Engineer: 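Please read through the structure below; I'll follow up with questions.
The basis for the numbers below is simple: all heavy atoms, side chains too, and nothing from hydrogens, waters or symmetry mates. Computed from a prediction, not measured in an experiment: that's the story for all the values here.
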Amino acid sequence: MVREWDPRTASSAEIASLLDTLNAVLAADLPQDPPWRESSLREYLAEVMPGERRISWIAQEDPDVDGSPGAILGQVHVLLLGNIGVLEVLVHPSVRRSGLGRDLVLRAARRVYQEGFESIGVEVVGDTPAVAFYESLGFTREYVETRSVLDLAGVDWAELAEMSTGVGAGYRVQFHPGGPPDELIDAYARAKAEVRDIEDGELRPSSYDPQRLRDSLDCLHRRGMKPYIVLALHEQTGEVAGLTEVVVPAQHPTRADQYDTIVVQDHRGYGIDRAIKARMLLELRSAEPQLTEVQTWNAQANEAMLKVNAELGYRTDRDWCEYSVDVAELVHRLDATR
């Protein structure tokens, strides 16, 4: 049975069953990744930014003879933002190749089409069955990043401390748990806007204006995701010359997610990128002692940041790809095969 589903009103048993399926998928496709926990999972699935909507469906077994709900074997949700619907699909490994994945995609695609959107995007992890699945549905690869993972157990902390002081004269490095202070929000947003990379993927948009940045930070907290910020301030002007962001999710608190690392064009060449990332790791060691890993994503053309990550001890893991498809064509293709 496939039905529309709202995580806000779902039972605790349904949330727990969805978590079981999510971890079964991780064990099959990304066995080195830590399993997710139920902490704030409902909030993670429900909370969105202002102006965005998330619509979800689940595939659930029939109720047991005692009336208890059946297990959730699949889930799809689509996040409607801007002019695109961003898709995410989970299918339990035990029922793959049964047509369930196609049915779930069709449910979401029909809704996206009805809502007037023209395209659907999806993140696809390289070297997993999802690659062939989405390509068989007509999705086209648009953008590729490389994920790298840092094992904190192998870090030379003394060397890292030395790296954190390697910033040029005229800059002050600051650590801000929870997000940048309000008096720096405008400067922070300017730094992000100035260096917007035209090759950035579109499925994880950054915040380039002060209010959206505030909304983004608020959304992170509501989803159970704790942000940490390290800034490099230009002492003469007080402007944000560089920034790096790490988020520790309640859902997998042993592995943190690196978000943006940015150095403003006029301040490049002073060692800011490596220094602020090293400082971040030093601060996380104290602030989040349960952390064992940090993962980051970088465009393959971003050789400078890949070099910095290698110096810090990151090891490349696998590709992370963005695919897209015309919604009308997808709906037509899936309907034709039913």
Side-chain angles (χ1 to χ4, degrees), residues 148 150 152 155-197 200 206-218 220-221 225-248 256-289 291 294-299 302-314:
S148 302
L150 175 64
L152 296 178
V155 168
D156 184 331
W157 294 103
E159 182 180 3
L160 199 73
E162 184 176 346
M163 290 182 186
S164 71
T165 63
V167 64
Y171 297 94
R172 182 172 70 256
V173 177
Q174 297 181 345
F175 172 64
H176 296 286
D182 197 65
E183 64 269 19
L184 288 175
I185 287 284
D186 286 0
Y188 193 95
R190 282 196 299 273
K192 298 190 79 167
E194 181 175 337
V195 295
R196 181 187 297 194
D197 189 338
D200 276 352
S206 294
S207 301
Y208 298 111
D209 67 81
Q211 188 53 52
R212 182 170 175 83
L213 181 55
R214 291 185 180 95
D215 291 340
S216 177
L217 290 166
D218 179 61
L220 283 174
H221 286 290
M225 305 169 77
K226 191 183 303 181
Y228 291 93
I229 310 294
V230 171
L231 304 177
L233 296 179
H234 186 228
E235 293 178 334
Q236 183 176 354
T237 64
E239 288 296 298
V240 173
L243 61 94
T244 190
E245 307 161 332
V246 167
V247 171
V248 179
D257 298 330
Q258 173 79 60
Y259 281 25
D260 284 345
T261 297
I262 289 170
V263 179
V264 175
Q265 182 70 42
D266 289 345
H267 301 282
R268 294 180 181 176
Y270 297 96
I272 291 174
D273 45 6
R274 190 175 72 165
I276 59 178
K277 294 193 77 167
R279 172 71 178 274
M280 175 66 81
L281 294 171
L282 290 167
E283 296 288 356
L284 288 174
R285 188 186 188 193
S286 301
E288 298 284 347
L291 270 184
V294 180
Q295 59 186 359
T296 186
W297 293 262
N298 297 101
N302 192 350
E303 296 179 1
M305 191 56 65
L306 291 171
K307 180 176 182 294
V308 167
N309 288 339
E311 291 171 349
L312 294 170
Y314 283 86

Engineer: Please confirm whether the backbone N or O of Leu213 pairs with a side-chain atom of Ser216, one donor and one acceptor, at under 3.5 Å?
Structural biologist: no
Engineer: With a 4.5 Å limit on heavy-atom distance, are the side chains of His234 and Tyr171 in contact?
Structural biologist: yes
Engineer: Closer than 4.0 angstrom, basic N to acidic O: yes or no for Asp273 and Arg268?
Structural biologist: no
Engineer: Shortest non-hydrogen contact from Ala189 to Pro210?
Structural biologist: CB-N, 3.7 Å
Engineer: Between Val246 and Leu284, which heavy-atom pair has the shortest distance, and what is it?
Structural biologist: CG1-CD1, 3.8 Å
Engineer: Please round to the nearest 0.5 Å and tell me the distance separating atom CG of Asp257 and atom CH2 of Trp297.
Structural biologist: 4.5 Å
Engineer: Out of curiosity, Ile272 CD1 to Arg279 CZ, how far, rounded to the nearest 0.5 Å?
Structural biologist: 14.0 Å
Engineer: How close do Leu233 and Gly238 get, counting heavy atoms only, and between which atoms?
Structural biologist: CD2-O, 4.1 Å
Engineer: For the residue pair Thr244 and Met280, what are the closest heavy atoms and their distance?
Structural biologist: O-CE, 3.5 Å
Engineer: Taking the basic N atoms (NZ, or NE/NH1/NH2) and the acidic carboxylate oxygens, is any pair closer than 4.0 Å for Lys307 and Glu303?
Structural biologist: no
Engineer: Can you check whether Glu245's main-chain N or O pairs, donor with acceptor, with Gln258's side chain at less than 3.5 Å?
Structural biologist: yes
Engineer: Where do Gly242 and Ile276 come nearest, in terms of heavy atoms and distance?
Structural biologist: C-CD1, 4.0 Å
Engineer: Test your reading of the model: is there a side-chain donor-acceptor pair from His221 to the backbone of Gly178, 3.5 Å cut-off?
Structural biologist: yes
